[in-house]
Novice: 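Next up is a structure, given as structure tokens.
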Amino acid sequence: MSDSYYEEEEFQSKFNQKTFSRILGLTRPHLRWVIGFLVTIALVAGMDAVSTWIGKSIIDDGIVKKNIAALTNLIVAYGALVLVQAGSVFLFIYLAGILGERIRYDLRKKMFNHLQALSLNYYSKTPVGWIMARVTSDTERVADLVTWGFVDSTWGVMSILTSMVFMFVINWKLALIVLAMLPILLYIAIQFRKRILGEYRSVRKLNSKIVGAYNENITGVRVIKALGREKENLDEFKVLTGSMYRSSFRAAWLSALFLPTVQIVSALAVGAVVWFGGSQAETGNMTIGGIQAFVSYITFMMWPIQDIARVFADMQQAIASAERMFSLIDSKPQIENRPQAIDPGTISGDIIFDHVTFRYEEGEDPVLTDLNLHVKRGETIALVGPTGGGKSTIVNLLCRFYEPNEGRIYIGGRDYTSLSLQAIQSRIGVVLQTPHLFSGSIRENLRYGRLDASDTEVEESTKVVGAYDFIMRFDKGFETEVGEGGNLLSVGQKQLISLARAVLAKPEVFVMDEATSSVDTMTEVLIQKGMETLLNNCTSFVIAHRLSTIKKANRILVIEGGRIAEIGSHSDLLKLRGKYYQLYTNQFRHQMETELNIFKEPAPESPSPLAK
């Protein structure tokens, strides 16, 4: 896969506060669940600190003083606390799980809906692998941060705060020693954060390219095997995965170094407390239980700090994922409904291209230049010409996948930008050169454009286009599974089903984009019969390289260099002996010689001089 496969947005190297705020904003619709698990986490953290205090009292007031009654009461209190704590742990894990699933659902739904609204140019520029990485792995990372990341960090912060409170109660001098450790840990965290985030941004960018490479290699596996490209593709893939491995390794190495650094600082604090606490115990200012409690609190703080450090490392990765995920969500459709766009209930009527000029990107040469065309209702227009001339661009503009840079398009007397996208696109039927079917049965695919169609209507649509017979030859008939992309059917069968789907949808405008270029002659005959039935009832645009399919078109347009080079009926253009005549005679030279009797029959051969 080329390095220029997709140049995605470069994100800033510093911590992105705006992105982090947007991540927190994902919890807003589920505030009661957030409050619930935050309260239970606070209770668990508080009970952890209280249990350590009870342990101190068991040593000082029960064991050292040999007070059996006090010892019994403290043990009973400790047991009750453990039971309440266990219930609280179950509750916050359950609430966090519910919150995580809700956020995953919201994100995936939001992204899927947004992808449906994006214009065709977005998909022309953006690799499928990049989009899939955003919807899957990046969504998962962000949801994990919002739930388990926040669980661990909240628990850690609450544990540290409650531990510090109890340490100040026991001995404020020792508590100050421990408190002095926190700025050091904060400085270490800031330094590690900068480096870890940079590496994880590289990982996410490379991951997008790897998913894209997977997609290309899987969808193009037939071409790869036919050309023997396995080794070359593997070498290219090794370069990508090697780069991701190195970035992941550096990120993992930094994350792994972070935790031991925290442990070393914590160990120094424990040593200082034991040394100073021992000297305090000799003067009677510190009890054995107090020293034990201090060491427990420091140890108790060390684990939350390690958890926070781990969450912090994960947060860098999640922010890198969120930046790319939000870049998808923030993408604006190039084509949107105008304010007060209407749905008139029909788009039946004349179609007019009025001085239309169009280019796909600013600064490029126009694909269409000052195109003028008036198509009457019910008319069939055929578009022919060399590749890249602008034929597909005309129908893309008609379907409003794009809009003209200059000029206007009118449908039924209205500027089509005053109509809603749904009003136009729901009433245009399209059959493409490469038919696409969705996983499911033949019947489900036929109903795709009209879900309320009855079984009788579904079957009648296949009879119209000549697909009924081959469908019924399958063991399961209309319930036959077509496979992913229709790969269990031949190209001709998929094309006939696509045509039947268009018939069933009853479009008011019909577009056929080189639909017969990949099928055999017998299938082409069936498609032509289906087309005749469909084209009789609506305005039609037919793009064709096989000129046999367009003889009956009302008008044929030869599109060349973004302009109409010739226009007329089949017979008129042949008489003109221009560009269409050249195209047609190149394809049907032998048939034309017979039909038009261009050459006279050859004279009988003279007898050979050697004949006797």
Side-chain angles (χ1 to χ4, degrees), residues 119-120 335-338 341-359 366-385 389-432 449 499 502-503 505-515 531-544 549-550 552-560 562-570 572-573:
S119 305
L120 195 62
I335 310 300
E336 295 184 282
N337 286 327
R338 300 291 194 273
I342 63 169
D343 183 347
T346 180
I347 59 171
S348 181
D350 291 1
I351 297 172
I352 299 173
F353 286 74
D354 182 20
H355 297 284
V356 169
T357 296
F358 176 77
R359 56 181 60 83
V367 182
L368 296 177
T369 304
D370 197 30
L371 180 73
N372 290 284
L373 177 64
H374 188 151
V375 180
K376 296 180 180 179
R377 176 183 176 184
E379 193 173 10
T380 297
I381 299 296
L383 304 173
V384 301
K391 304 183 297 297
S392 294
T393 301
I394 290 174
V395 297
N396 282 338
L397 289 172
L398 172 66
C399 296
R400 209 175 162 196
F401 297 147
Y402 301 91
E403 290 178 352
N405 300 120
E406 299 173 23
R408 296 178 182 274
I409 297 176
Y410 297 91
I411 298 179
R414 295 183 177 91
D415 183 338
Y416 84 156
T417 59
S418 68
L419 307 178
S420 67
L421 291 169
Q422 175 70 12
I424 297 171
Q425 293 168 359
S426 65
R427 295 179 175 90
I428 296 179
V430 180
V431 178
L432 301 173
L499 194 59
V503 170
K506 298 180 179 179
E508 296 178 11
V509 177
F510 181 63
V511 173
M512 200 164 181
D513 190 351
E514 299 183 14
M531 283 174 58
E532 289 176 8
T533 303
L534 184 59
L535 301 186
N536 286 335
N537 300 317
C538 59
T539 306
S540 309
F541 289 77
V542 180
I543 299 175
T549 60
I550 59 171
K552 297 182 180 180
N554 298 109
R555 282 186 292 168
I556 299 171
L557 278 61
V558 179
I559 308 297
E560 190 172 84
R563 298 177 183 272
I564 300 175
E566 294 177 0
I567 185 169
S569 67
H570 172 71
D572 290 341
L573 292 179

Novice: Can you measure from CG (D350) to OH (Y410) and round to the nearest 0.5 angstrom?
Specialist: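 With rounding to 0.5 Å, CG (D350) is 13.5 Å from OH (Y410).
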Novice: How far does NZ of K376 sit from OG1 of T539, to the nearest 0.5 angstrom?
Specialist: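 OG1 of T539 is found 12.0 Å from NZ of K376.
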Novice: Would the distance check show the side chain of E566 and the main-chain N or O of V558 forming a donor-acceptor pair, the cut-off being under 3.5 Å?
Specialist: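 Answer holds: no.
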Novice: Decide yes or no on side-chain contact (heavy atoms from CB on, under 4.5 Å) for R400 and Q425, but give the supporting numbers first.
Specialist: CA-CA 8 Å; R400 209 175 162 196; Q425 293 168 359; 4.3 Å; yes
Novice: Under the 3.5 angstrom rule, does the side chain of N405 hit a backbone N or O of R359 as a donor-acceptor pair?
Specialist: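 Pair found, side chain donor or acceptor close to backbone of R359.
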Novice: Distance alone, cut at 3.5 Å: any donor-acceptor contact between the side chains of D415 and S418?
Specialist: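 There is no such pair between these side chains.
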Novice: Calculate, to the nearest 0.5 Å, the distance between atoms OG1 and CD belonging to T417 and E336 respectively.
Specialist: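 Going from OG1 on T417 over to CD on E336, the span is 13.5 Å.
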Novice: More than 12 heavy atoms of other residues, nucleotides or ligands under 6.0 Å from CZ of R377: yes or no?
Specialist: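 No, because the 6.0 Å sphere around CZ of R377 holds 12 heavy atoms or fewer from other groups.
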Novice: If you round to the nearest 0.5 Å, how far is CG of L373 from CG of L368?
Specialist: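 Here the rounded value is 11.0 Å.
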Novice: Taking the side chain as every heavy atom from C-beta outward, state whether I559 and I564 have any pair of such atoms under 4.5 Å apart.
Specialist: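 Yes, side chains in contact.
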Novice: Could you check whether any side-chain N or O of S540 sits under 3.5 Å from a backbone N or O of C538, counting only pairs where one atom can act as donor and the other as acceptor?
Specialist: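 Yes; judged by distance alone, with no hydrogens or angles, the pair exists.
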Novice: Let me see the working for D513 and V430 under side-chain contact (heavy atoms from CB on, under 4.5 Å), right down to the final yes or no.
Specialist: CA-CA 8 Å; D513 190 351; V430 180; 5.7 Å; no
Novice: Drop me the distance from L398's CG to S392's OG, to the nearest 0.5 angstrom.
Specialist: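 With rounding to 0.5 Å, CG (L398) is 12.0 Å from OG (S392).
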Novice: Would you name the heavy atoms of R555 and E379 that are closest together and state the gap between them?
Specialist: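 Smallest interatomic distance, heavy atoms only, reads NE-OE2, 2.6 Å.
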Novice: Between N372 and D354 (side chain of the first, backbone of the second, donor and acceptor by atom type, cut-off under 3.5 Å), is there such a pair?
Specialist: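 Judged by distance alone, no pair lies under 3.5 Å.
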Novice: Ignoring hydrogens, what is the shortest heavy-atom contact between S420 and N337? Give both atom names and the distance.
Specialist: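 Distance-wise, the nearest heavy atoms are CA-OD1, 3.2 Å.
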Novice: Under a 4.5 Å cut-off applied to non-hydrogen side-chain atoms, are V503 and F510 in contact?
Specialist: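 They are not in contact (no side-chain heavy atoms under 4.5 Å apart), so the answer is no.
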Novice: Would you name the heavy atoms of L419 and R414 that are closest together and state the gap between them?
Specialist: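 So the two residues come closest at CD2-CD, 3.6 Å.
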Novice: For the pair K391 (side chain) and G385 (backbone), establish whether a donor and an acceptor sit closer than 3.5 Å, ignoring hydrogens and angles.
Specialist: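 Looks like yes, one N/O pair under 3.5 Å.
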Novice: List the steps, then state whether side-chain contact (heavy atoms from CB on, under 4.5 Å) holds for F353 with I351.
Specialist: CA-CA 7 Å; F353 286 74; I351 297 172; 4.0 Å; yes
Novice: Show, in sequence, the C-alpha distance, side-chain angles and deciding distance for I394 and L557, and conclude whether the side-chain contact (heavy atoms from CB on, under 4.5 Å) test is met.
Specialist: CA-CA 11 Å; I394 290 174; L557 278 61; 5.6 Å; no
Novice: Does the side chain of P404 reach to within under 4.5 Å of the side chain of Y416, using non-hydrogen atoms?
Specialist: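 Side-chain contact under 4.5 Å: yes.
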Novice: Run through I381, L383, V384 and flag the one making a side chain to side chain contact (heavy atoms under 4.5 Å, CB included) with I550.
Specialist: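 Of I381, L383, V384, side chain to side chain contact (heavy atoms under 4.5 Å, CB included) with I550 is met by V384 alone.
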Novice: What is the minimum heavy-atom distance between E508 and I347, and which atoms define it?
Specialist: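 Looking at all heavy atoms of both residues, the shortest contact is OE1-N, 2.7 Å.
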Novice: Drop me the distance from Q422's CD to R427's CZ, to the nearest 0.5 angstrom.
Specialist: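 Nearest 0.5 Å value for the CD-CZ distance: 7.5 Å.
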Novice: Taking the side chain from S119 and the backbone from I335, do they hold a donor-acceptor pair closer than 3.5 Å?
Specialist: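 Yes: the side chain of S119 pairs with the backbone of I335.
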Novice: I'd like to know if the side chain of T380 reaches the main chain of N554, judged simply by a donor and an acceptor atom lying under 3.5 Å from each other, with no hydrogens or angles considered.
Specialist: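 Not confirmed, T380 side chain does not pair with N554 backbone.
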Novice: Taking all non-hydrogen atoms of both residues into account, name the closest pair between I342 and A423 and its distance.
Specialist: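 Where I342 meets A423 most closely, the heavy atoms are O-CB, 4.0 Å.
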Novice: Closest heavy-atom contact between V431 and A502?
Specialist: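 Shortest heavy-atom contact: CG2-CB, 4.0 Å.
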